[in-house]
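Down below is the structure, laid out as structure tokens.
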Amino acid sequence: MKTRTSATAIFVGIAAIAAGCASMSDQEASQKALELMKTSFSERGQAKLDRLDQDETQKLCSKPPALELSKEVATRIEKANLDSIRYPADGMLLGDWKSGERIAQSGIGKQFSDDPKLPSGANCYACHQLSKAEISYGTIGPSLYNYGKLRGTSEPIQRYTYGKVYNSQAFTACSNMPRFGHNAILTEQQMKDVTALLLDPNSPVNQ
Amino acid sequence: MIPRRMAATMLAAGVALGASAQSSPEAEIAKYREALAAGNPAELWEARGEDLWKQKRGPKNASLEACDLGKGAGVVKGAYAEMPRYFADADRVMDLETRLAHCMVTLQGFRFEDATKRVFGAGTNRSDFESLAAWITSEARGTTMNVALAHPKEREAYQLGEKMFYFRGGPHDFACATCHGESSKRIRLQDLPNLTEKAGAQLAYTTWPAYRVSQGELRTFQWRLNDCYRQQRFPDLKFASDASIALTTFLARNANGAAFNAPAIKR
């Protein structure tokens, strides 16, 4: 399909420039890419094809960063994700930091190569510095070293921290951090445990 | 003291620190590079690949020497630097691995399912694709990347590949861009190339296929994408699928202008 350069084509920008001329509108391209992916992946282990079905948040966050989110859309994403957070019925937000440390270290879970019967890890260390002892940490997220020492352990901080792990996008639209509770990667107890890892004064995070 | 980023590079490269804490990290890295330059095991795959290309095989007892990789039947030199590209005989954009499978079917008479039974090798069970790709890409070493996007289907593949790059999904909400959208980031100690920037895209693309020290295998670009999708918690990217070709077109085109330099050797 040949088209003259249109306003949408200019908006599509990066692809259009590299491609010389855009042949599809941005929306058409999104639709077509999804169809293409649906026929190009096969189910394997626990990774079924429904993993390609995006929720509203994923759809809105699938844009190149150059096409910045409007304030209004960002607020909409955060509101929807905030509403999804379920706090523990027993009101307890702090679990066992030692178990939290193991969860933060483990990168297994949800890959087609992983055993679905085993509990998932959270791999916080993949993206964050947490304790001083662990030097093998990533930098996709900010350092969380001394997180609890710096912020204290007040009820609002506990709720924010548990909530952040449950659904990072309740506070930062399109965050690169997984929504561990919302997407059922971690159990309630596991989220309590990593919350303790961040906040417990005895945790290595706060030494 | 060894600066953290340096240490990260060295650890990622599999260099043991400690014993040689006396010498500077620069010297350590230089030593590592030297060791690699002395011999890249990828050469074993290259040699096997050249043999496979010339061997008469399959129901039609034919070699692959008449396979057209885009620059005319049998022309291997530099062909990889212009792929993926549109092939009129198949009316489809194809990357190298897909084209090889096509030639195994059309020239050698294999059924596609038989030809693609083992696309990634393991131990003594080597994949013909990895060997053939090693040889063919080695014949493009030093050639400037030039994915032209002259055909409308090539431009479409690029546009869809870009969409895929930013497509977030699965239980972790990951997209390629989650791990490869910013500069100077790393996961654990592994440096992550920023594939949205010219320099990062060029360096990453022009160094695949690669011999993976940690696996003792020669890995192709199809493997790289498949394994990143595994980490992305997506289902299994089908070998030679249109999505794999679209994404490869996006990444290859973004590497245009750089000298191709693979098979490389990696961690």
Side-chain angles (χ1 to χ4, degrees), chain A residues 1-2 12 14-16 18-24 26 29-30 32-34 36-37 39-45 47-49 51-54 57-59 61-65 107 109-113 120 123 125-127 135-140 169 174-179 183-185, chain B residues 4-5 7-8 11 148-150 152-175 177-179 181-182 184-192 196 227 229-238 240-247 250 253-254 256:
Chain A
M1 191 176 59
K2 287 217 172 64
V12 169
I14 305 163
C21 86
S23 48
M24 286 176 281
D26 190 52
S30 293
K32 212 154 177 194
L34 181 60
L36 189 72
M37 292 171 78
T39 58
S40 294
F41 284 88
S42 48
E43 307 205 323
R44 182 162 169 190
K48 308 294 182 207
L49 282 181
R51 293 200 176 173
L52 300 173
D53 298 331
Q54 294 176 304
T57 297
Q58 290 172 332
K59 248 182 234 155
C61 295
S62 290
K63 300 208 168 26
K110 305 286 184 195
Q111 300 171 119
F112 60 61
S113 49
S120 291
N123 217 3
Y125 280 106
C127 299
I135 58 155
S136 173
Y137 61 85
T139 57
I140 292 177
Q169 301 208 36
C174 299
S175 169
N176 278 338
M177 175 164 153
R179 295 173 287 171
N183 284 336
I185 301 166
Chain B
R4 195 189 301 131
R5 285 202 63 77
L11 282 183
L149 302 190
K153 288 204 175 174
E154 294 170 351
R155 293 196 288 275
E156 178 176 311
Y158 180 93
Q159 207 181 344
L160 298 179
E162 181 180 40
K163 282 285 169 204
M164 289 175 62
F165 187 85
Y166 292 103
F167 183 98
R168 294 186 73 171
H172 285 58
D173 298 329
F174 285 161
T178 310
C179 295
E182 284 178 74
S184 309
K185 298 282 181 193
R186 49 173 224 256
I187 279 197
R188 290 283 183 161
L189 292 181
Q190 288 160 38
D191 289 317
L192 296 166
T196 66
D227 201 59
Y229 268 127
R230 180 182 63 82
Q231 295 175 61
Q232 203 169 310
R233 274 74 179 176
F234 276 41
D236 201 6
L237 180 65
K238 284 189 212 163
S241 60
D242 284 328
S244 73
I245 295 163
L247 188 53
F250 173 68
R253 163 72 184 207
N254 291 347
N256 265 12

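Residue numbers begin at 1 in each chain, while the letters A, B, ... track the order of the sequences.
Interface remark: B:Q231 contributes backbone and side-chain atoms alike to the contact with chain A (heavy atom separation under 4.5 Å). Only the side chain of B:L192 comes within contact range of chain A, with at least one heavy atom under 4.5 Å from a heavy atom of that chain. For A:D53, no part lies under 4.5 angstrom from a heavy atom of chain B. Only the side chain of B:F174 comes within less than 4.5 Å of a heavy atom in chain A; its backbone stays farther off. For A:T39, the part lying near chain B is the backbone, with the side chain staying farther off; criterion is any non-hydrogen pair under 4.5 Å. Proximity to chain A is limited to the side chain of B:A246, based on heavy atoms less than 4.5 angstrom apart. With a threshold of 4.5 angstrom between heavy atoms, A:C127 does not approach chain B through any atom at all.
Formation of a donor-acceptor pair under 3.5 Å by the A:R51 side chain with backbone atoms of B:F234 is not found in this model.
The cationic group of B:R186 lies under 6.0 Å from the six-membered ring centre of A:Y137 and within 45° of the ring axis, placing it in a cation-pi geometry.
When the side chain to side chain donor-acceptor pair (under 3.5 Å) test is applied to A:S113, the partners found at least two apart in sequence or on another chain are B:R230. Residues satisfying the side chain to side chain contact (heavy atoms under 4.5 Å, CB included) criterion with B:S241, sequence neighbours excluded, are A:S40, B:L237, B:K238, B:A243, B:S244.
Considering only heavy-atom pairs separated by less than 4.5 Å from chain B, the leading option among A:I185, A:N123, A:N176 is A:N176. Of the residues considered (A:Q169, A:K110, A:R44), A:K110 shows the highest number of contacts with chain B, using heavy-atom pairs under 4.5 Å. Ranked by non-hydrogen atom pairs under 4.5 Å with chain B, the options A:K48, A:M177, A:K32, A:E43 are led by A:K32. Residue with the most contacts toward chain A among B:R233, B:K163, B:Q232: B:R233 (heavy-atom pairs, distance under 4.5 Å). No other option in A:A33, A:S120, A:P178 has as many heavy-atom pairs under 4.5 Å with chain B as A:P178.
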Working note: A:K59 + A:S30, criterion side-chain contact (heavy atoms from CB on, under 4.5 Å); need CA distance, chi angles, decisive distance, verdict. CA-CA 10 Å; A:K59 248 182 234 155; A:S30 293; over 6 Å; no

Stepwise, does the side-chain contact (heavy atoms from CB on, under 4.5 Å) test hold for B:L247 with B:Y229? CA-CA 12 Å; B:L247 188 53; B:Y229 268 127; 3.7 Å; yes

Step by step, work out the side-chain contact (heavy atoms from CB on, under 4.5 Å) result for B:E162 and B:T196. CA-CA 10 Å; B:E162 181 180 40; B:T196 66; over 6 Å; no

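In this structure, the side chains of A:K63 and B:Y166 stay at 4.5 Å or more apart for every pair of heavy atoms.
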